[in-house]
Amino acid sequence: MPDLNAVKTALLHVLGPNGITEDQSVIAPWLIEWRDRYFGQTPLMIMPASTAETAAAVKICAEAGMAIMPQGGNTGLVGGNTPQGEILLSTRRLNAVRSVSPADNILIADAGVTLLDVQQAASAAGRKFPLSLASEGSCTIGGNLSTNAGGVHVIKYGTAKDLVTGVEAVLPNGEIYNGLSHLKKDNTGYDLSRLFLGAEGTLGIITAASLKLFPKPSALVRVMVGLSDLQGAMGLLERAQGAALTMFEIIPRLGLSAVTANIPGLSDPFSGVHQWYGVLDFEYFTPGAHQSEIEGLFSAALDAGYIQDAVIAQNEGQAANLLALRENMSAAQKFLGASIKHDVSVPVARVPEFMIRADAAVTTLLPECRPCGFGHLGDGNIHYNISASPGEDSEAFLKHRGAMEKIVHDIVTELDGSISAEHGIGISKKDDLAMRADPVKIAMLRAVKSAIDPKRIMNPRIMI
Ligand SMILES: Cc1cc2nc3c(=O)[nH]c(=O)nc-3n(C[C@H](O)[C@H](O)[C@H](O)COP(=O)(O)OP(=O)(O)OC[C@H]3O[C@@H](n4cnc5c(N)ncnc54)[C@H](O)[C@@H]3O)c2cc1C
């Protein structure tokens, strides 16, 4: 058994009093997951303030055989951020934007910098960092890269993996890997930085990352549409992709009603009722170029019967309100009672088929349940959530979680999709991954883990 007191003393020595706490009242908020689905425990929380401190702390824990769970903003949704006895290593004091180079279009940030702060630093330098999630005020770059976060702009810019040239990471033995890079071209063997992207903290602690910046658009046009069905949304998506489309999100009627009824300050922009809604963004780099293209696109979509109505935001406030209708979906769904959630992807063209099949299958199992799938139509990622019937007892409803997940994931598998589109595996999908993934893939994942973390120090319960 590791000697916790000896480890504590050694950690205090390298981190100082601000870098370590065992006060459970201070630690408590970091042990609860955002949706109250996971509750954790830890003897210690450590908060190194530099890469060198992180390396020294990891070395102490590794030599004592004590497991570590890295944590950034604690916004992860698959239980991978909630410790069960591991030492909790918070990156919140790794919080500097180290450099911004507009010439290279590269920004280097410590892992604990929030996504919002990175976006703002990029903007201040006349550039755009395009990763965008509803949790961006709290989630961190280290967490974003470790989960390979997606968000609303994947259709144009890709996921977090596509937005990074390299990482600096502390390995499970305390060594520092420096893969930070300003280079666009570098063919010198395996791309080791990429091992840490989507690794969910199982291979080491990302301490910093070099991130790709993009030109800042001169105009953003945001449009919300009312639709009778998802086939119409697909028709619009196909046409819109010829334009400057960067986002295409969908919301079902139940979701919009939940948001407008429960989130103060948000209202339905349409006079009529629609079964589905879409929120679309278009970016333009030449002032004034967009007017005729946008009007032409949406009047053609109306004529073709793809959409029933459209609202074009006239100013930044209106644009923010339209996006807020989508971004508050998860928060508003809490008001509908208990829900069973899925984060899945299918080929974009198969989203309507997925929705129809999943709705039919889950309501066959539980006729009164309320399917409420929403999300990123533009990249095929649907947050397929199912709310309990009004007034239903939460515990009774949640007993169906396993059966519901199997039904939904079976359909996803049949449609050549993924059971985890953007949130990762964590604890919640660990068994499903082991059951469904190609055995060769599982063996390779295990081989990589054993090669880099033979003592299973880093997030040992997560993913594999
Ligand atoms: C309201 C809301 C909306 C969301 N929307 C989206 C969305 O649109 N798209 C999306 O992809 N996700 C979304 N998420 C999920 C979440 O915000 C992302 O997964 C995010 O990337 C997690 O970042 P974090 O800093 O909070 O990481 P945490 O939750 O702290 O950790 C997540 C995982 O990464 C590991 N980790 C954290 N930091 C490091 C590090 N420095 N080195 C190594 N491992 C590390 C942790 O151990 C854990 O396994 C949403 C969450 C909420 C609450």
Side-chain angles (χ1 to χ4, degrees), residues 33 37-38 40-42 58 61-62 65-72 74-89 91 111 142-150 159-161 164 167 169-175 177 179 190-207 341-345 381 401-402 405-406 408-410 412-413 416-464:
E33 188 237 26
R37 185 167 167 200
Y38 298 98
Q41 43 166 319
T42 184
V58 170
C61 296
M66 295 200 72
I68 297 170
M69 171 170 278
Q71 192 188 72
N74 195 27
T75 66
L77 298 174
V78 288
N81 43 340
T82 313
Q84 299 297 345
E86 298 93 349
I87 291 183
L88 187 60
L89 187 150
T91 60
N144 298 152
L145 298 184
S146 300
T147 57
N148 185 27
T159 61
K161 269 183 190 163
V164 61
V167 303
V170 170
L171 303 181
N173 63 2
E175 285 178 343
Y177 164 71
Y190 300 137
D191 189 347
L192 296 175
S193 286
R194 288 187 85 80
L195 276 180
F196 297 91
L197 310 180
E200 299 181 41
T202 57
L203 298 180
I205 296 162
I206 296 175
T207 46
K341 298 174 192 273
H342 305 86
D343 162 46
V344 299
S345 65
N381 173 195
R401 191 197 300 273
E405 281 177 359
K406 179 165 179 347
V408 173
H409 288 171
D410 281 351
V412 166
T413 306
D416 295 327
S418 167
I419 59 161
S420 176
E422 62 176 4
H423 295 162
I425 297 298
I427 283 294
S428 71
K429 292 181 183 168
K430 188 177 166 181
D431 293 344
D432 230 337
L433 178 74
M435 198 175 70
R436 290 173 192 271
D438 175 358
V440 176
K441 174 174 175 164
I442 295 288
M444 287 176 76
L445 289 174
R446 291 201 170 121
V448 172
K449 171 76 176 168
S450 310
I452 294 179
D453 187 13
K455 289 168 78 180
R456 294 188 73 82
I457 295 297
M458 298 301 311
N459 262 355
R461 295 174 302 104
I462 305 306
M463 196 192 331
I464 41 165

- For E405, what residues pass the salt bridge (charged side-chain N to carboxylate O under 4.0 Å, His left out) criterion, not counting sequence neighbours? none

- Item | Crowding at CE, M444 (>12 non-hydrogen neighbours, <6.0 Å) | no

- Going from CZ on F196 to OG1 on T207, what distance comes out if it is rounded to the nearest 0.5 angstrom? 9.5 Å

- Does V167 reach the side chain of L197, with side-chain heavy atoms less than 4.5 Å apart? yes

- Task: Identify, with sequence neighbours excluded, every residue that meets side-chain contact (heavy atoms from CB on, under 4.5 Å) alongside D416.
- Result: R350

- So do the side chains of S428 and R37 get within less than 4.5 Å of each other, counting heavy atoms only? yes

- Item | Reported CD1-to-OG1 distance for the pair I425 and T202, which is rounded to 0.5 angstrom | 11.0 Å

- Item | Distance in Å, T413 OG1 paired with M435 CE, rounded so as to fall on 0.5 Å steps | 8.0 Å

Let me have the donor-acceptor pairs involving side chains of residues 452-464, under 3.5 Å, with sequence neighbours excluded, atom names and distances please.
| residue | atom | partner | partner atom | Å |
| --- | --- | --- | --- | --- |
| D453 | OD1 | R456 | N | 3.2 |
| D453 | OD1 | I457 | N | 2.9 |
| D453 | OD2 | K449 | NZ | 2.8 |
| D453 | OD2 | I457 | N | 3.0 |
| D453 | OD2 | M458 | N | 2.8 |
| K455 | NZ | A62 | O | 2.8 |
| R456 | NH2 | P460 | O | 2.7 |
| R456 | NH2 | I464 | O | 3.2 |
| N459 | ND2 | E200 | O | 2.8 |
| R461 | NE | E86 | OE2 | 2.6 |
| R461 | NH2 | T82 | O | 3.1 |
| R461 | NH2 | E86 | OE1 | 3.4 |
| R461 | NH2 | E86 | OE2 | 3.2 |

- Task: Mind checking the NE2-CZ spacing from H342 to R401? Nearest 0.5 Å is all I need.
- Result: 8.5 Å

- Item | Side chains of I442 and L433 in contact at under 4.5 Å (non-hydrogen atoms) | yes

- Item | Which atom of G142 lies closest to which atom of S146, heavy atoms considered | O-OG, 2.7 Å

- Applying side-chain hydrogen bond (donor to acceptor under 3.5 Å, both in side chains), which residue pairs with at least one partner in residues 190-199 are found, sequence neighbours left out? Y177-S193

- Donor-acceptor contact below 3.5 Å, side chain Q71 vs main chain N81: yes

- Quick one: list whatever passes salt bridge (charged side-chain N to carboxylate O under 4.0 Å, His left out) with R436, sequence neighbours left out. D410, D432

- Message: Restricting to non-hydrogen atoms, name the atom on L171 and the atom on V58 that form the minimum distance, rounded to 0.1 Å.
- Response: O-CG1, 3.4 Å

- Message: Quick one, D343 and L77 - any side-chain contact, counting heavy atoms below 4.5 Å?
- Response: no

- Task: For N144, enumerate each residue passing the side-chain hydrogen bond (donor to acceptor under 3.5 Å, both in side chains) test, keeping only those at least two apart in sequence or located in another chain.
- Result: none

